[in-house]
Colleague: 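I have a structure here, written as structure tokens, and I will follow up with some questions on it.
Letters A, B, ... are given to chains in the order of the sequence lines, protein chains preceding strands, and every chain is numbered from 1. Predicted model only: the values in this text are computed from it and were never measured. Values below: all heavy atoms of this structure, side chains included; hydrogens, waters and symmetry mates excluded.
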Amino acid sequence: MNSAEIARATEAWFLEHQRDLPWRRTVTEGRRDPYTSLVSEFMLQQTQVSRVLEKFGPFIQRFPDVRTLAGASEDDVLAHWSGLGYYSRARRLHSAARAIVERHDGVVPSDVQSLRALPGVGRYTAGAIASMVFRQREAVVDGNVQRVLVRLHAKELRLGVPETDRWAWKIAQGLVEACGQPGVLNEGLIELGATVCTPKGPKCTDCPVSAWCAAKRDGLQEELPRPKPRAKRREVWHGVAIVVEGDRVLLERRPETGLWAGLWAPPAVEREDHPPTPEEVSAVVGGTTSSGPEGFTHETTHRIVRFNLYRVEGGQAGDRGWFSLRQALALGISKAHARIVRLALEA
DNA sequence: AAGTCGGGGAG
DNA sequence: CTCCCAGACTT
């Protein structure tokens, strides 16, 4: 297979057909802004472009440079990440900004080793910044690139297994060695996977490398790559104590590990396999329980969270705080808990 | 090698 | 409903 031809065709296609995305518009002095590129790469980890578009602008406006982000509070950072999910990314980005200030005098490093040493920066993100911003000859492999390469070679591989990962990195490095501009090739492969070589219904007629695609040749483009074994989800019940005083609701910070780590939420009792009793819920804040708004189910990748809501009278604040809806939304708060706060304060 | 971590859009 | 997304990190 001709790596040079495939790489060049991908680069040419990308330069012609790339989407207009905000983090691609930060070019000054012939180079994309390293900091905003870093922010976009963190946000894009396991997250579709359409989701990131809603959060990227406000985040950059609030934290326009490394030092501003490094100097901000964690609550402020998490608040601007709220609704985007995978909140550990926000904490790691915050830590990375502080590390850049301390280790690199506030300048985003350009070599993969230094990038890789930053919190939250793995092999993909380091390669992305090094190649797309600093124009170094480094490869990247994400879910898009894996799918494109598996199809191109019609390899019988499943996504999400180490063998596929090792194989894809090797192939990607071969392409990078043969390409013109590594950053353009890399972003082209990713863009190809996102817009043309999609998981379902790939648009092979629009593909710049279909002439070399073994999957298309063999009619396997819909079959490859084989799907990843499905994550088994566990059920968990949250009995939530809704304590209201005037137009404010009682919130506490969640534990530093686990689901929604470090975010704010109403006091709650969590149980595996069965719902907590009203008595257990009221005991959390030491008040008396009455029925609350109707509960609901919130699903994540690995859990099905069933919320039971109780109003509790006379609850104590303790190591907690009272927040209006506006104030609550200015904290890091999950989608599910934002919904609970709204239910608590309406009517 | 497997598990964990969100949330939403597409099919 | 199921699947997947510009992954990283822990165990």
Side-chain angles (χ1 to χ4, degrees), chain A residues 14 18-19 21-24 32 37-56 78 81-93 95-96 115-129 131-133 139-148 158-166 168-169 172 183 186-195 197-202 222 225-234 236 254-263 297-305 332-339:
Chain A
F14 178 70
Q18 64 176 300
R19 289 168 294 179
L21 301 175
W23 46 91
R24 292 176 176 167
R32 245 182 238 184
S37 298
L38 191 66
V39 172
S40 74
E41 289 301 341
F42 268 76
M43 287 190 169
L44 286 162
Q45 288 168 8
Q46 283 292 286
T47 305
Q48 291 168 344
V49 165
S50 57
R51 301 284 97 230
V52 174
L53 286 174
E54 303 167 9
K55 300 292 176 185
F56 179 75
L78 285 171
W81 202 275
S82 286
L84 199 54
Y86 282 172
Y87 297 94
S88 63
R89 294 179 297 169
R91 304 152 151 291
R92 291 173 187 145
L93 175 58
S95 299
L115 286 164
R116 187 72 179 75
L118 297 171
V121 178
R123 193 175 179 184
Y124 164 79
T125 302
I129 298 297
S131 65
M132 298 175 198
V133 178
V140 301
V141 171
D142 71 337
N144 288 309
V145 176
Q146 283 196 19
R147 184 172 55 255
V148 170
R158 310 179 86 83
L159 294 185
V161 299
E163 185 190 358
T164 305
D165 204 53
R166 287 192 298 272
W169 275 99
N186 289 339
E187 211 166 7
L189 289 171
I190 293 165
E191 188 87 345
L192 202 51
T195 65
C197 195
T198 47
K200 295 179 180 174
E222 298 274 6
R226 307 294 178 187
K228 169 191 287 192
R230 206 175 131 48
K232 39 197 167 180
R233 283 188 296 186
R234 282 186 310 155
V236 58
R254 289 182 55 80
E256 292 300 306
T257 58
L259 195 62
W260 299 311
L263 275 63
T297 299
H298 181 92
E299 300 190 16
T300 75
T301 302
H302 292 91
R303 292 172 193 255
I304 299 171
V305 186
I333 191 167
S334 77
K335 212 70 179 175
H337 292 112
R339 178 175 174 180

Colleague: In whole angstroms, how far is the P atom of dG6(B) from the CZ atom of R233(A)?
Modeller: 15 Å

Colleague: Could you tell me which residues satisfy side-chain contact (heavy atoms from CB on, under 4.5 Å) with V148(A), sequence neighbours excluded, listed by chain and number?
Modeller: L189(A), L192(A), C197(A)

Colleague: Restricting to side-chain contact (heavy atoms from CB on, under 4.5 Å), what partner residues turn up for T297(A), sequence neighbours left out?
Modeller: E299(A), I304(A), R306(A)

Colleague: For R254(A), check salt bridge (Lys or Arg N to Asp or Glu O under 4.0 Å) against everything at least two apart and list the hits.
Modeller: E270(A)

Colleague: Just checking S334(A): base, sugar-phosphate only, or nothing, at a heavy-atom cut-off of under 4.0 Å?
Modeller: sugar-phosphate

Colleague: Return the set of residues passing side-chain contact (heavy atoms from CB on, under 4.5 Å) with A338(A) (not counting sequence neighbours), or none when no residue passes.
Modeller: L329(A), I333(A), R342(A)

Colleague: Applying salt bridge (Lys or Arg N to Asp or Glu O under 4.0 Å), can you list everything that pairs with R32(A), at least two apart in sequence or on another chain?
Modeller: E187(A)

Colleague: When all nucleic acid strands are considered with a 4.0 Å heavy-atom cut-off, which category describes W23(A): base, sugar-phosphate, or nothing?
Modeller: base

Colleague: Have a look at V49(A) and say if it touches a base, only the backbone sugar-phosphate, or nothing, with a 4.0 Å heavy-atom cut-off.
Modeller: sugar-phosphate

Colleague: Just the table, please: protein N/O against nucleotides 7-11 of chain C N/O, every pair under 3.5 Å.
Modeller:
unit_1: dG7(C); atom_1: OP1; unit_2: G143(A); atom_2: N; d: 3.1
unit_1: dG7(C); atom_1: OP2; unit_2: Q46(A); atom_2: N; d: 2.8
unit_1: dG7(C); atom_1: O5'; unit_2: Q46(A); atom_2: N; d: 3.3
unit_1: dA8(C); atom_1: OP1; unit_2: G122(A); atom_2: N; d: 2.8
unit_1: dA8(C); atom_1: OP1; unit_2: T125(A); atom_2: N; d: 3.0
unit_1: dA8(C); atom_1: OP1; unit_2: T125(A); atom_2: OG1; d: 2.7
unit_1: dA8(C); atom_1: OP2; unit_2: Y124(A); atom_2: N; d: 3.4
unit_1: dC9(C); atom_1: OP1; unit_2: G120(A); atom_2: N; d: 2.5

Colleague: For nucleotides 9-11 of chain B, give me every protein contact, N/O to N/O, under 3.5 Å, one pair per line with atom names.
Modeller:
unit_1: dG9(B); atom_1: OP1; unit_2: R51(A); atom_2: NH2; d: 2.9

Colleague: Holding to salt bridge (Lys or Arg N to Asp or Glu O under 4.0 Å), I want the full list of residues that pass it with E256(A), two or more places apart in sequence or in another chain.
Modeller: R91(A)

Colleague: Over all strands shown, is F42(A) touching base, sugar-phosphate only, or nothing at heavy-atom distances under 4.0 angstrom?
Modeller: nothing

Colleague: Considering only the C1' atoms, how many Å lie between dG6(B) and dC3(C), rounded to the nearest integer?
Modeller: 15 Å

Colleague: Counting only side-chain N and O atoms of W260(A), is one of them less than 4.0 Å from OP1 or OP2 of dG7(B)?
Modeller: yes

Colleague: Under the rule for salt bridge (Lys or Arg N to Asp or Glu O under 4.0 Å), what residues qualify as partners of E222(A), not counting sequence neighbours?
Modeller: none

Colleague: Is any side-chain nitrogen or oxygen of H302(A) closer than 4.0 Å to OP1 or OP2 of dG3(B)?
Modeller: no

